[in-house]
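Following: one structure in structure tokens, then a few remarks.
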Amino acid sequence: MAKKIIITIDGWSSCGKSTLAKRLAKELGYIYVDSGAMYRAITLYFLRNNIDIEDKKETKAALKSIKLEFVYNPVSQQSEMYLNGENVEYLIRDLFIAEKVSDVAAIKEVREFAVAEQQKMGTKKGIVMDGRDIGTVVFPKAELKIFMTADNAVRVERRFKELYEKNPNITIEEVKNNLEMRDYIDSHREVSPLRKAKDALILDNTDLTENQQFEKAMEWVKKIDGRKSI
Ligand code: DC
């Protein structure tokens, strides 16, 4: 029987991490955790409550009032993000959150809070988690670490299509600026910046279809968990 492992997927914004992570989790019967959703939900809480993120005391106190949960929705067949009992899955995908989330995710106390929650979810293994520091900080001993990347233009196009469906007023320039800003902040922050873990395998999906990237990742899984076929 295949052994249960931890799979981490890190990489730049909008390079398809969650698409791959969800498919792997489904195939393997694993739990999928979107760690970015947690930073997005914390950002929503801070914005709604006018938390001054420069004020450490205020930030720490606010974190004590935050309860994050992933709840499975049988209709969408996805786990959705709940903030203090409210389903915020749709709201947190908006550009107004994307514009602030990297600043919030750069705060040490916020990261400690989120990382502790994420580590609890992995104690039984059988998990695929995507983010920026999952292979380096959250699960440094994970059995399979994937670092995803894709050309900038391809990433902008993909994210634009996604956001345009919700908001036809959005421009490609706005999306491009937001992606570049987030990549810069995420990879230059002091605490757990986005880095490829030394033992991570690189998956550049610029020219790969979703099926091709899935098959490539499953080849890696098979080598590690002992399964014979996909
Ligand atoms: O994956 P995403 O775009 O939903 O993530 C939103 C933001 O959260 C992203 O700009 C960086 C931050 N993030 C992080 O710092 N660490 C993670 N493990 C996941 C996300």
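All ligand and atom numbering here is 1-based and tracks the order in the structure. All figures in this text were calculated on a predicted structure; none of them were measured in a lab. Note: hydrogens, waters and symmetry copies are ignored here, and every other heavy atom, side chains too, is used.
Hydrophobic clustering of Ile, Leu, Val, Met, Phe, Trp and Tyr side chains at less than 4.5 Å, counting indirect connections, keeps Leu20 apart from Val138.
For ligand 1, the atoms sitting less than 4.0 Å from at least one non-hydrogen atom of Ser102 are 10 (O), numbered in the order shown with element in parentheses. Atoms of ligand 1 found under 4.0 Å from any heavy atom of Arg40, numbered from 1 in the order shown, are 2 (P), 3 (O), 4 (O), 6 (C). Less than 4.0 angstrom separates some heavy atom of Gly131 from each of these atoms of ligand 1: 17 (C), 18 (N), 19 (C). In summary, the atoms of ligand 1 found under 4.0 Å from a heavy atom of Ile134, numbered by their order in the structure, are 18 (N).
When the options Met38, Lys17, Arg182 are ranked by their closest heavy atom to atom 6 (C) of ligand 1, first place goes to Arg182. Between Asp130, Thr136, Val101, it is Val101 that holds the heavy atom closest to atom 7 (C) of ligand 1. Residue Ala105 holds the heavy atom nearest to atom 12 (C) of ligand 1 of all those in Ala114, Ala106, Ala105, Gly36.
If you look at Val138 next to ligand 1, there are no close heavy atoms at all, none under 4.0 Å.
Of all protein heavy atoms, the one closest to atom 11 (C) of ligand 1 is Asp186 OD2, 3.2 Å. Considering only non-hydrogen protein atoms, atom 19 (C) of ligand 1 sits nearest to Ser35 OG, 3.3 Å. Among all protein heavy atoms, the one lying closest to atom 1 (O) of ligand 1 is Arg132 NH1, 2.9 Å.
Of the residues listed (Thr43, Leu63, Ile66), the one engaging Val110 in a side chain to side chain contact (heavy atoms under 4.5 Å, CB included) is Leu63, and it is the only one. Of the listed residues (Ile51, Asn50, Leu44), just one forms a side chain to side chain contact (heavy atoms under 4.5 Å, CB included) with Arg48, and that residue is Leu44.
In this structure, Arg111 pairs ionically with Asp133, as a charged nitrogen and a carboxylate oxygen lie closer than 4.0 Å. Look at Lys161 and Glu165 and you find no salt bridge, because none of the NZ, NE, NH1 or NH2 atoms lies under 4.0 Å from a carboxylate O. Between Glu162 and Arg158 there is no salt bridge, since no side-chain nitrogen of the basic residue lies less than 4.0 Å from a carboxylate oxygen of the acidic one.
Residue-to-ligand polar distances keep Tyr39 apart from ligand 1: every N/O pair is separated by 3.5 Å or more. At under 3.5 Å, not a single nitrogen or oxygen of Gln118, backbone or side chain, sits near a nitrogen or oxygen of ligand 1.
In this structure, Phe96 places its CZ atom where more than 12 heavy-atom neighbours from other residues, nucleotides or ligands lie under 6.0 Å away.
At least one heavy atom of Arg189 sits under 4.0 Å from some atom of ligand 1. Ligand 1 has at least one atom lying under 4.0 Å from a heavy atom of Arg111.
Residues Leu179 and Ser14 come closest through the heavy atom pair CD2-OG, 3.5 Å.
Atom-to-atom distance recorded for Ile9:CD1 and Thr19:OG1 is 9.5 Å, nearest 0.5 angstrom.
A cation-pi arrangement is present between Lys166 and Tyr90 under the rule of less than 6.0 angstrom and at most 45 degrees off the ring axis.
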